[in-house]
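Here is the structure we will look at, set down as structure tokens.
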Amino acid sequence: MSDHSEPTTPSSTLTPTSEHEHSTSLDSLSKTKSAIESLSSILSSFPSNLSFSISSSNPNPAFSLLHDPQVASQVSYLLREPNSGAGDNNLCRWLYDTFQSGDPNLQLIVLRFLPIIVGIYLSRVALRKPLAGFEAVLLALYAHETTSRAGQPITMNVPNLSLPSVYHEAKAPINNDSTELNLAVISPSLEPHGTVRSTRRARIVGVALELYHSKIYHMPVGSKIDFCDFCVVWAGQDNNDDDRDLKKESESNGRKEGRIPLPWELLQPVLRILGHCLMGNTKNKELFDAAWAACNSLYARSMHDIDPKALLATGSLLKLGKKAMEPSEDLDPTEIRRSNVLVI
């Protein structure tokens, strides 16, 4: 029997799903092209390789833009200028529009510079400079998180510590009510805000840092080091736990930085990010040293403020950091080490 079926063309094999993915890819490339062209008009010089990265030879030009050191250096310099952060600042407008594009790859580029945005913003708040540009970017991140969480808090289940562990025998019958897991709130539910007031500032910035932490595995090492450096400045304490104020003015870019209030809603996401920098899978000595210095400074600040919660958290990070610096050994976690045995 002869086969009279017509030959199949490539276009006829496209399923609705593949057509949608192709359309989404073209839309993403179009947004990336527009973002690259807009950014090239802001920067004094633009890498020639990125000018052609929107061609079909590069399937992810946004990734190239995210990790380009020349672009990162220029954007960082512009964000640190004395007049950066104003409402009419072109770079802040670009960051806002790029994040509002809704493209996940372009949003990562904005998050890459969040440590500098937050660092400069919080350091200049007390100076009463116009910062509407920075606040617009922070509010865009906050609104994104508010929408994605749909009014729900971020929670996690914590085992009931009143019960014996799986390694012990229960001598008494266990009440069914006590077997339930305890629900811990990691981040409370969010309310929409259209402006940044002094009473909301720590929460809005903290939520932006929570978003940064959720994408931290995509962030270049340089972005994380920037964050650690600003943590030292925010702490305003040196590693020797004295009362010396670390406020300083950089003559190179005219910015004034110094110690800032560190409420728990801001400090909690800061410590999560530092925990990743200390204990992350990627071993980078420069990043580890920067995170170690930041933890030491925050611990000294907690000692100065006599903040028990912050002392416990920062002290725990320091202990984890010390463990990471120790030579790796094949230890049995169930074996009691001689150094931990109390001899009477």
Side-chain angles (χ1 to χ4, degrees), residues 63 66-69 72-73 75-76 79-80 107-123 138 141 145 154 156 186-187 202 205-241 246 257 259-260 262-303 307 309-328:
F63 181 86
L66 174 65
H67 293 275
D68 188 273
S73 176
V75 172
S76 174
L79 288 175
R80 295 171 187 267
Q107 289 177 339
L108 290 177
I109 299 173
V110 179
L111 290 176
R112 184 255 180 268
F113 299 105
L114 183 63
I116 300 178
I117 295 172
V118 171
I120 300 297
Y121 173 71
L122 292 179
S123 300
L138 293 172
L141 303 182
E145 278 294 275
I154 297 178
M156 67 176 296
I186 304 300
S187 180
V205 174
V207 170
L209 292 178
E210 288 174 1
L211 177 58
Y212 179 86
H213 177 260
S214 68
K215 307 293 184 183
I216 196 167
Y217 281 97
H218 301 283
M219 295 295 108
V221 172
S223 175
K224 303 173 190 179
I225 293 177
D226 288 337
F227 179 82
C228 296
D229 291 343
F230 273 110
C231 287
V232 175
V233 175
W234 296 339
Q237 298 286 140
D238 69 1
N239 296 347
N240 295 323
D241 190 26
L246 293 184
E257 305 168 332
R259 149 197 222 113
I260 64 170
L262 291 173
W264 184 246
E265 55 192 349
L266 177 60
L267 184 60
Q268 188 180 35
V270 165
L271 296 179
R272 289 185 209 158
I273 297 171
L274 290 178
H276 165 86
C277 296
L278 278 176
M279 309 300 296
N281 294 330
T282 302
K283 297 297 181 181
N284 184 288
K285 188 179 186 306
E286 185 181 2
L287 175 59
F288 181 90
D289 292 344
W292 179 255
C295 290
N296 271 290
S297 296
L298 290 173
Y299 180 78
R301 169 67 179 273
S302 303
M303 290 285 289
D307 187 340
K309 188 184 295 187
L311 272 172
L312 178 62
T314 53
S316 299
L317 280 180
L318 288 176
K319 289 181 179 179
L320 290 172
K322 288 180 180 179
K323 289 289 185 182
M325 288 188 290
E326 293 178 356
S328 58

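This structure is a prediction, so every number in the text was calculated from the model and none was measured. In this chain, numbering begins with 1 at the start of the sequence shown.
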Under a 4.5 Å cut-off applied to non-hydrogen side-chain atoms, are W292 and M325 in contact? yes
Side-chain donor-acceptor pairs of residues 110-120 under 3.5 Å, sequence neighbours excluded:
none

How would you list, by chain and number, every residue that makes a ring-ring contact (aromatic ring centres under 6.0 Å, His included) with H218, sequence neighbours excluded? none
How many angstroms lie between atom CG of L287 and atom NE2 of H276, to the nearest 0.5 angstrom? 7.0 Å
Can you name the nearest heavy-atom pair linking V232 to A294, along with the distance? CG2-CA, 3.7 Å
Can you name the side chain to side chain contact (heavy atoms under 4.5 Å, CB included) partners of E145, sequence neighbours left out? S148, R149, L190, V207, L211
Kindly give the heavy-atom pair with the smallest separation between A202 and E265, and that separation in Å. CB-OE2, 3.6 Å
State whether the side chain of S297 and the backbone N or O of A293 hold a donor-acceptor pair below 3.5 Å, judged by distance alone. yes
Of all heavy-atom pairs linking H67 and P220, the shortest is ND1-CG, 3.8 Å
Enter the distance from E286:CD to C228:SG here, rounded to the nearest 0.5 Å. 10.0 Å
Looking at I216 and K224, what are the two nearest heavy atoms and their distance? O-CE, 3.3 Å
Do you know which two heavy atoms are closest between M279 and L320, and how far apart they sit? SD-O, 3.7 Å
The criterion is salt bridge (charged side-chain N to carboxylate O under 4.0 Å, His left out); which residues satisfy it with K285, sequence neighbours excluded? D289
Partner residues of Y212 under the side-chain hydrogen bond (donor to acceptor under 3.5 Å, both in side chains) criterion, sequence neighbours left out: S223
Inter-residue atom distance L318.CG - C295.SG, 0.5 Å rounding: 5.5 Å
Taking only residues two or more places apart in sequence, or in another chain, which ones meet D229 in a side chain to side chain contact (heavy atoms under 4.5 Å, CB included)? I225, A290
Whether R301 side chain and A310 backbone form a donor-acceptor pair below 3.5 Å: no
Nearest 0.5 Å, please: how far is CG in L312 from OH in Y299? 10.0 Å
Identify every side-chain donor-acceptor pair in residues 266-275 under 3.5 Å, counting partners at least two apart or on other chains, and give the distances.
residue, atom, partner, partner atom, Å
Q268, OE1, R272, NH2, 3.4
R272, NH2, I186, O, 3.2

Would L262 and L298 count as a side-chain contact (heavy atoms from CB on, under 4.5 Å) if you check the C-alpha gap in whole Å, the side-chain angles of each, and the deciding distance to 0.1 Å? CA-CA 10 Å; L262 291 173; L298 290 173; 3.7 Å; yes
Sequence neighbours excluded, the answer for side-chain hydrogen bond (donor to acceptor under 3.5 Å, both in side chains) partners of S76 is R80
With rounding to the nearest 0.5 Å, note down the distance linking OG in S302 to NZ in K309. 12.0 Å
Nearest 0.5 Å, what's the CE-CG distance between M219 and L66? 5.5 Å
Among all residues two or more places apart in sequence or in another chain, which pass the side chain to side chain contact (heavy atoms under 4.5 Å, CB included) test with K319? none
